[in-house]
Amino acid sequence: MGKTIVITGASAGIGRALAFAFAERGYHLGLTGRRRDALEEVRAEIGRRNVRLRVELLVVDVTDVAAVGPALGGLFKALGGADIVVVNAGANDLTRIGRGEMARELALISTNLAGAIATTNAAVEHFLERGSGQIVGISSLASLQKLPQQAAYCASKAGFSMYLDVARDELARNAITVTRIMPGFVKTDIVESLDIGKIPFAITVDQAAREMVPLIERRVASGIVPAFPWKVLRPFLGHLSARLVGRISGIPWAPAEDDSAPARSPRAPG
């Protein structure tokens, strides 16, 4: 019997692409998301490609942190156990500090950090009982580099990256591997306005998934997608100016005193 992988946020974007990529490699799948119809579409497409695979679905909102553990526990049981859990469910939004947008900022923290922590905890509990496993956390290069109008998003991803790093140390003696993956600019459903042809080094979700799969299977501690040019530029991340990053990403940069810049759809890494 092949390995089983659970992927959160699998109804769209990177999670959906990962589901297809792992299905092609013969993995049984547990897919979670907030929209059953979208999950059913993914399962149907996988069935058309490979009818031998088992695909279980779970509708859950990771911001309901109290519900995450029991819900995932039921999914693990239905699958007969999971070998890998990909903590991928996430959100993005452009927000500005001190401009009445704190509710949107906290919503990002709720999804990208609190929801990710709840998912990680549920997976670790399962793996401790099972005796081994692998946590894969989808963070972002935004965890390393400040981005214009992305304070909450950057903070959520930086917090999740640190959580994964601590988890790796805590779980090293329990045969539980922790892999942190940091995507760069990826065109996903949550960044619909991204003009991939105008942003340097932006990639599609399918390319991102193709690069992520071998990193996950090699059980690396940390990986960057795409590898070029971000592995080369990594020493400089965290030191680039907001103005320069704004030019690269297409996110409008404006000084703090300028309240005239209109909000635009997010174009951030990950």
* If Ile, Leu, Val, Met, Phe, Trp and Tyr residues are connected whenever their side-chain heavy atoms lie under 4.5 Å apart, and connections chain through other members, are Leu57 and Leu53 in the same group? -> yes
* **Linked, directly or transitively: Leu128 and Tyr163 (ILVMFWY side chains, under 4.5 Å)** => yes
* Structure fact -> Val213 and Ala21 have their tightest heavy-atom pair at CG2-CB, 3.7 Å
* To do: Determine whether more than 12 heavy atoms belonging to other residues, nucleotides or ligands lie under 6.0 Å from atom CD1 of Ile97.
  => no
* Measuring from Arg219:CZ to Thr177:OG1, what's the distance to the nearest 0.5 Å? -> 3.5 Å
* Keeping the roles fixed (side chain from Asn88, backbone from Gly9), state whether a donor-acceptor pair exists under 3.5 Å. => yes
* Verify whether one side chain among Thr111 and Thr63 offers a donor that lies under 3.5 Å from an acceptor in the other. => no
* Asked: How long is the span from the CD1 atom in Ile181 to the CD atom in Glu211, to the nearest 0.5 Å?
  -> 10.5 Å
* Close side-chain approach of Asp206 to Phe20, heavy-atom, < 4.5 Å -> no
* To do: With the side chain counted from C-beta on, respond yes when Thr120 and Phe160 share a heavy-atom pair under 4.5 Å apart, and no when they do not.
  => yes
* Asked: Given the rule that I, L, V, M, F, W and Y join up when any side-chain heavy atoms are under 4.5 Å apart, are Ile84 and Val220 in one cluster?
  -> yes
* Structure fact -> Residue set satisfying salt bridge (charged side-chain N to carboxylate O under 4.0 Å, His left out) with Arg173, at least two apart, ordered chain then number -> none
* Asked: Are side-chain heavy atoms of Leu94 and Gln150 found at a separation under 4.5 Å?
  -> yes
* To do: Determine the minimum heavy-atom distance between Phe127 and Val85, stating which atoms define it.
  => CZ-CG2, 3.7 Å
* Asked: Is a side-chain N or O of Asp83 found less than 3.5 angstrom from the main chain of Thr4, in a donor-acceptor match?
  -> yes
* Asked: Can you tell me if CZ on Arg168 sees more than 12 non-hydrogen neighbours from other groups inside 6.0 Å?
  -> yes
* Whether His126 side chain and Ala82 backbone form a donor-acceptor pair below 3.5 Å -> yes
* Of the options Thr8, Thr179, Ile138, which is the one that meets Val86 in a side chain to side chain contact (heavy atoms under 4.5 Å, CB included)? -> Ile138
* To do: Heavy atoms only: give me the nearest Ser139-Lys157 pair and the separation to one decimal.
  => OG-O, 3.2 Å
* Just how far is it from atom CG of Asp93 to atom OH of Tyr153, taken to the nearest 0.5 Å? -> 11.5 Å
* Are the side chains of Thr204 and Gln207 in touch, meaning some heavy atoms are under 4.5 Å apart? -> yes
* Shortest non-hydrogen separation from Ile135 to Ala123 and the atoms involved -> CD1-CB, 3.2 Å
* Is the number of heavy atoms from other residues, nucleotides or ligands under 6.0 Å of Glu45 CD greater than 12? -> yes
* **Side chain proximity check, Ile176 to Gln134, heavy atoms < 4.5 angstrom** => no
* Asked: If you measure from CG on Asp169 to CG on Leu171, what distance do you get to the nearest 0.5 Å?
  -> 9.0 Å
* **hydrophobic_cluster_shared for Val59 and Val55, side chain cutoff 4.5 Å** => yes
* Do Val136 and Val87 touch side chain to side chain, with heavy atoms closer than 4.5 Å? -> no
* For Arg25 and Glu217, what are the C-alpha separation, side-chain angles and deciding distance, and is it a side-chain contact (heavy atoms from CB on, under 4.5 Å)? -> CA-CA 11 Å; Arg25 299 172 91 89; Glu217 291 190 325; 2.7 Å; yes
* **Salt-bridge criterion met for Glu56 and Arg54 (N-O under 4.0 Å)** => yes
* To do: Name the orientation class of the two ring planes belonging to Tyr27 and Phe22 (parallel below 30°, tilted from 30 to 60°, perpendicular beyond 60°).
  => perpendicular
* Asked: Can you name the nearest heavy-atom pair linking Val42 to Ala10, along with the distance?
  -> CG2-O, 3.8 Å
* Is Leu75 close to Leu72 at the side-chain level, that is, under 4.5 Å between some pair of heavy atoms? -> yes
* To do: Could you check Ile5 against His28 for side-chain contact (heavy atoms from CB on, under 4.5 Å), going step by step and ending with a plain yes or no?
  => CA-CA 6 Å; Ile5 186 168; His28 300 289; over 6 Å; no
* To do: Decide yes or no for Val6 and Leu58: does some side-chain heavy atom of the first lie under 4.5 Å from some side-chain heavy atom of the second?
  => no
* Minimum-distance pair of heavy atoms, taken over all atoms of Arg35 and Ala12 -> NH2-CB, 4.2 Å
* **Derivation of the side-chain contact (heavy atoms from CB on, under 4.5 Å) call for Val225 and Met182** => CA-CA 6 Å; Val225 172; Met182 295 179 288; over 6 Å; no
* Asked: Looking at CD1 of Ile109 and OG of Ser156, how far apart are the two atoms once the value is rounded to the nearest 0.5 Å?
  -> 5.0 Å
* Asked: Can Arg180 and Ser222 be counted as having a side-chain donor-acceptor contact under 3.5 angstrom?
  -> yes
* **Atom pair CG (Leu18) and CD1 (Ile216), whose distance is rounded to the nearest 0.5 Å** => 5.5 Å
